[in-house]
Amino acid sequence: LRTLPLSPDRAVWTPRLAMVRAMSGSEQAPPPPPTFETLRVTQLTDAVTHVELNRPAKRNAMNKAFWREMVECFSQISEDPECRAVVVSGAGKTFTAGIDLMDMASIFMQSEEGDTARAAWKLRRTIQLYQDTFTVIEKCPKPVVVAVHGACVGAGVDLISACDIRLCSQDAWFQIKEVDIGLAADVGTLQRLPKAIGSRSLVNDLALTARKMWSDEAKSCGLISRVFADHEALMAGALAIAEEIAARSPVAVQGTKVNLLYSRDHSVQESLDYIATWNMSMLQTEDIIKSAQASLEKKSPKQVPFSKL
């Protein structure tokens with residue numbers, strides 16, 4: 001894989017600042033992108049952004065900084081006109097061990113708030129903030145391909161459930177671990193996994209027993225769409241899929257993601273009405289003419305110069 005570091009003038013992180021500088025006519029060089037503690041963000045290609053969980057010494061366990069940084073990262077990616085697809089993976093020997101229990105212990109401690117109702121209200125808001133960490137992936141209009149190797153435990157399942165395309169290596173395994181530490185999963189697994197797998201019985205089995213599910217079972221139940229021999233093949237496969245997505249019209253691709261998510265949570269008729277309203281404007285894009293012309297000329301979508309979105 002060719003991994004390119006983000007350059008200051010191609011920063012995913014500062015689209016608003018770039019706009020302000022352009023409007024003001026300032027010639028000052030843009031500031032370097034911020035450094036994350038728990039994530040490593042690079043460009044696999046000009047249009048494909050790689051977000052890597054980057055605490056390998058801790059098996060990519062999710063500490064307090066991670067929950068904040070994922071929101072910051074994907075909020076900026078959502079607004080980056082250069083980015084058309086995202087690959088998410090984990091550094092080191094495993095995808096993620098889930099939450100960092102030592103770092104997050106204070107969240108689970110009883111509140112010093114004397115009134116039970118007020119303490120509960122405060123904790124509810126905290127939980128909702130952590131839910132946003134993975135909802136921001138789902139809301140990102142750029143398709144997100146997640147590549148899982150080794151263990152994907154607890155909150156890792158919450159994370160991948162919010163991604164659009166899930167891939168793994170042969171050695172991958174998945175575990176909804178929360179019941180083993182005395183709580184119900186509360187940041188997305190219980191809400192998204194039943195719709196990703198389609199078998200309520202299997203979801204109940206996994207969530208209530210905390211048993212491990214290996215890559216072959218994950219593939220057969222539909223959680224994973226492709227299994228690769230090893231980590232190297234997995235990352236190459238993830239990049240290939242992301243490049244195929246990035247080659248298509250961003251108007252078509254991002255509109256497709258938005259409508260797939262809408263149809264998941266609404267009736268067929270509501271979804272048909274929604275896409276009709278969506279396309280009454282989106283069908284007027286120049287990308288349709290460009291795509292049709294390329295098809296007539298037997299060109300690959302990669303040869304079509306679609307404008308940024």
Side-chain angles (χ1 to χ4, degrees), residues 1 3 5-6 12-13 33-42 44 49-77 86-109 126-127 129-137 144-163 166-189 206 210-215 218 224 230-232 234-235 238:
L1 289 176
T3 304
L6 282 172
V12 169
W13 318 110
T35 301
F36 291 126
E37 294 178 30
T38 67
L39 304 174
R40 181 171 179 263
V41 182
T42 54
L44 297 179
T49 300
H50 184 200
V51 178
E52 185 177 40
L53 311 189
N54 193 33
R55 298 185 75 212
K58 296 290 187 179
R59 297 195 301 158
N60 296 321
M62 302 172 182
N63 61 3
K64 292 176 185 176
F66 167 85
W67 300 89
R68 179 189 71 254
E69 290 179 351
M70 281 289 282
V71 174
E72 295 172 359
C73 175
F74 274 90
S75 294
Q76 296 290 349
I77 286 174
V86 184
V87 173
V88 175
S89 69
K93 296 181 179 180
T94 193
F95 181 70
T96 179
I99 63 172
D100 187 330
L101 289 174
M102 297 300 293
D103 187 76
M104 302 283 289
S106 61
I107 301 298
F108 302 102
M109 299 293 185
T126 299
I127 293 169
L129 288 173
Y130 286 125
Q131 290 173 345
D132 290 345
T133 297
F134 302 137
T135 297
V136 74
I137 299 174
V144 180
V145 180
V146 64
V148 179
H149 73 290
C152 179
V153 178
V157 180
D158 295 281
L159 189 161
I160 69 168
S161 297
C163 297
R166 292 175 289 274
L167 314 173
C168 76
S169 57
Q170 191 69 48
D171 69 344
W173 54 274
F174 307 83
Q175 186 177 26
I176 305 173
K177 185 70 171 174
E178 282 81 356
V179 293
D180 278 354
I181 58 173
L183 58 92
D186 57 5
V187 290
T189 288
L206 297 169
R211 73 171 177 85
K212 294 180 181 179
M213 178 170 64
W214 293 88
S215 58
I224 297 296
D230 52 34
H231 183 252
E232 183 179 358
L234 169 67
M235 293 308 298

- Test side chain to side chain contact (heavy atoms under 4.5 Å, CB included) applied to L206 and R211, step by step: CA-CA 6 Å; L206 297 169; R211 73 171 177 85; 3.8 Å; yes
Quick one: pull up [atom1] in [X] and [atom2] in [Y] and give me the separation to the nearest 0.5 Å.
X   : Y    : atom1 : atom2 : result
K93 : H231 : NZ    : NE2   : 13.0 Å
C73 : R68  : SG    : CZ    : 12.5 Å
M62 : I99  : CE    : CD1   : 9.5 Å
L44 : T49  : CG    : OG1   : 8.0 Å
F36 : M70  : CZ    : CE    : 10.0 Å

Without swapping roles, check the side chain of [X] against the backbone of [Y] for a donor-acceptor pair under 3.5 Å.
X    : Y    : answer
Q170 : S215 : no
Q175 : K212 : no
H149 : T94  : yes

- Which residues share a ring pair (Phe, Tyr, Trp, His ring centres under 6.0 Å) with F134, sequence neighbours left out: W67
- Identified side chain to side chain contact (heavy atoms under 4.5 Å, CB included) counterpart of L129 within the set T126, I127, T133, D132: D132
Tell me every residue that passes salt bridge (Lys or Arg N to Asp or Glu O under 4.0 Å) with [X], counting only those two or more places apart in sequence or in another chain.
X    : result
R59  : none
D100 : R55
E69  : none

Can you name the closest pair of heavy atoms from [X] and [Y] and give their distance?
X    : Y    : value
P56  : A91  : CB-O, 3.9 Å
L53  : N60  : O-OD1, 3.1 Å
F95  : C152 : CD2-SG, 3.8 Å
T189 : G154 : OG1-O, 4.4 Å

- Query: Does T135 have any side chain to side chain donor-acceptor pair (under 3.5 Å) partners at least two apart in sequence or in another chain, and if so, which?
  - Reply: R192
[X] vs [Y] side-chain heavy atoms within contact, under 4.5 Å:
X    : Y    : value
V51  : V144 : no
M104 : Y130 : yes
L39  : F66  : yes
T96  : L159 : no

- Message: Please determine whether side chain to side chain contact (heavy atoms under 4.5 Å, CB included) holds for the pair F174 and V148, giving the CA-CA distance in whole Å, both sets of side-chain angles, and the decisive distance to 0.1 Å.
- Response: CA-CA 9 Å; F174 307 83; V148 179; 3.9 Å; yes
- Is it the case that more than 12 heavy atoms not belonging to K58 sit under 6.0 Å from its NZ atom? no
- Side chains of S169 and D230: donor-acceptor distance under 3.5 Å anywhere? no
- Message: Enumerate the salt bridge (Lys or Arg N to Asp or Glu O under 4.0 Å) contacts for residues 168-178, please, sequence neighbours excluded, ordered by first and then second residue.
- Response: K177-D180
